[in-house]
Number of protein chains: 2
Amino acid sequence: MEQKIKLLLADDHQLVRKGFRALLEELEFVEIVGEAANGREVISLLRSGVRPQVALLDYEMPVMNGLEATVEIKRDYFGVKIIMLTMLQSKELVQEAVEKGVSGFLFKNTSLEELSDAIRRVAAGDTYFSSEVALTLLKQAPNPDTPLLALLSERETEILKLVAQGLSSAEIGRQLFISPRTVDTHRNNIIHKLDVPGIAGLVQFAVRNKLI
Amino acid sequence: MEQKIKLLLADDHQLVRKGFRALLEELEFVEIVGEAANGREVISLLRSGVRPQVALLDYEMPVMNGLEATVEIKRDYFGVKIIMLTMLQSKELVQEAVEKGVSGFLFKNTSLEELSDAIRRVAAGDTYFSSEVALTLLKQAPNPDTPLLALLSERETEILKLVAQGLSSAEIGRQLFISPRTVDTHRNNIIHKLDVPGIAGLVQFAVRNKLI
DNA sequence: ATTGGGCTACGCAGATATGCGTATTTTCAG
DNA sequence: CTGAAAATACGCATATCTGCGTAGCCCAAT
């Protein structure tokens with residue numbers, strides 16, 4: 001560790017910011033070169049010549065949040081790596097942050113150890129996403145209307161799948177060896193049970209519940 | 001680090017296994033208590049009394065792969081934490097592994113530093129997923145048929161959205177101040193451009209491309 | 001100036017879905 | 001055994017979609 005890592009700290013809560021500073025100052029390999037209370041201040045510091053290797057940005061900040069700041073930084077000061085920090089466990093936020101070019105992403109309940117690792121990795125040009133981030137990405141996927149889905153009988157679920165695939169009653173009837181009228185009945189029962197507007201609603205439901 | 005972390009190593013390629021052993025033996029805080037060439041051997045070792053804190057399992061193994069082994073281990077030897085290692089960057093695999101109870105997940109192109117961190121964290125009861133894993137989870141999400149989507153004109157896209165929401169031609173016509181027949185024409189053009197089977201296909205396409 | 005694409009609109013026949021009933025058989029739990 | 005729920009099936013009127021054609025208007029590119 002021949003050279004300290006130059007770091008910029010941004011969080012709108014002064015107490016939090018000072019707390020981070022205190023923690024980070026215990027790490028002998030980082031040097032805090034600036035503090036900001038919002039994205040706008042981060043940009044100002046950069047404009048005035050401050051050159052951190054890593055910017056630790058809170059997402060929730062007034063005036064200009066961490067994501068907006070990221071966009072500007074990546075456009076005008078590409079070399080500055082960014083670690084985003086947030087309280088929100090949101091998949092969409094992570095997704096967007098990665099698209100905007102952040103190198104690291106942590107939730108605020110992380111450990112100092114992890115923060116330290118993240119700073120080192122990111123300064124070295126790597127990316128760093130905490131395990132909690134990965135778990136969040138996995139968890140937020142499912143959104144099943146299980147209660148509604150439970151309303152349907154087996155046969156109805158079967159027919160729902162086929163309808164959602166674009167088959168007509170006649171085709172479904174042939175495939176299941178039942179009368180197309182029966183298929184009609186089932187389809188209509190399903191539409192009423194789920195209270196959706198016709199076939200379009202059925203397909204939407206099926207897709208959302210990963211039936212197809 | 002008062003006590004070494006007891007580790008079990010499983011990989012079907014002897015060379016790889018020995019390589020890992022060599023690397024891990026350089027870490028003063030791990031002690032390798034066993035080696036296995038497949039999941040079955042891992043179970044045998046556990047049955048014969050070997051008690052690692054952490055099992056480092058390759059996913060790709062003959063006879064019994066890492067995932068299958070995980071299920072058995074978690075059922076019969078719950079205290080043994082598992083780190084899964086694989087060459088495959090597959091979201092589904094990560095998902096399944098987490099469901100089966102692994103504590104860590106790494107791709108084989110990882111650094112020794114990361115492996116070392118992973119072992120420590122997992123032994124401490126945490127979870128550890130490498131940044132590459134997080135990125136894989138993000139990347140594999142999008143599946144847009146952008147080329148197909150580009151085929152559609154603005155107006156068509158607009159109508160596609162409304163159709164997918166379950167509105168009839170008449171309703172759409174009223175909303176856009178055009179004749180329902182025009183809506184028909186657009187809808188049919190879209191169906192042919194995308195080559196999908198009717199409304200069901202349209203809705204599927206719309207959902208997949210996040211138009212709704 | 002001509003061409004081409006997109007948007008608009010209409011007609012018409014046949015297919016399909018939708019709404020509302022009715023009814024028989026099967027299945028399964030009380 | 002008995003009643004409820006599910007699965008099966010049919011009828012019928014109406015609404016809607018689908019396929020195939022035609023056609024005028026506007027605008028941008030050639």
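All values below were derived from every heavy atom in this structure, side-chain atoms included, with hydrogens, water molecules and symmetry-related copies excluded. Chain letters run A, B, ... following the sequence lines, proteins first, then strands; residues in each count from 1.
For the side chain to side chain donor-acceptor pair (under 3.5 Å) condition, the pairs that include at least one residue of residues 39-58 of chain B, sequence neighbours left out, are B/D58-B/K108. Sorted by first and then second residue, the pairs that involve residues 151-168 of chain B and meet salt bridge (charged side-chain N to carboxylate O under 4.0 Å, His left out), not counting sequence neighbours, are B/R155-B/E158, B/E156-B/K193.
The distance between atom CD of B/E154 and atom P of D/dC27, rounded to the nearest whole Å, is 15 Å. If you measure from atom CZ of B/R155 to atom C1' of D/dC25, you get 15 Å, rounded to the nearest angstrom. In this structure, the CG atom of A/N189 is 14 Å from the P atom of D/dA9, given to the nearest Å. If you measure from atom CG of A/N188 to atom C1' of D/dA9, you get 14 Å, rounded to the nearest angstrom.
Of all nucleotides in DNA chain C, those with any atom nearer than 4.0 Å to a heavy atom of chain B start and finish, going 5' to 3', at C/dG6 to C/dG11.
Of the residues in residues 191-201 of chain A, A/I191, A/H192, A/G198, A/I199 come within less than 4.0 Å of DNA chain C through at least one heavy atom, sorted by number. The stretch residues 156-186 of chain B touches DNA chain C through B/I178, B/S179, B/R181, B/T182, B/T185, B/H186, each having a heavy atom within less than 4.0 Å of the strand.
Few gaps surround NZ on A/K74; more than 12 heavy atoms of other groups in view lie less than 6.0 Å from it.
B/E132 and B/T110 form no side-chain donor-acceptor contact under 3.5 Å, judged by distance and modelled atom types alone.
The C1' atoms of five pairs define one axis at each end of the helix from C/dA1-D/dT30 to C/dG30-D/dC1, and these two axes lie 50° apart (to 10°).
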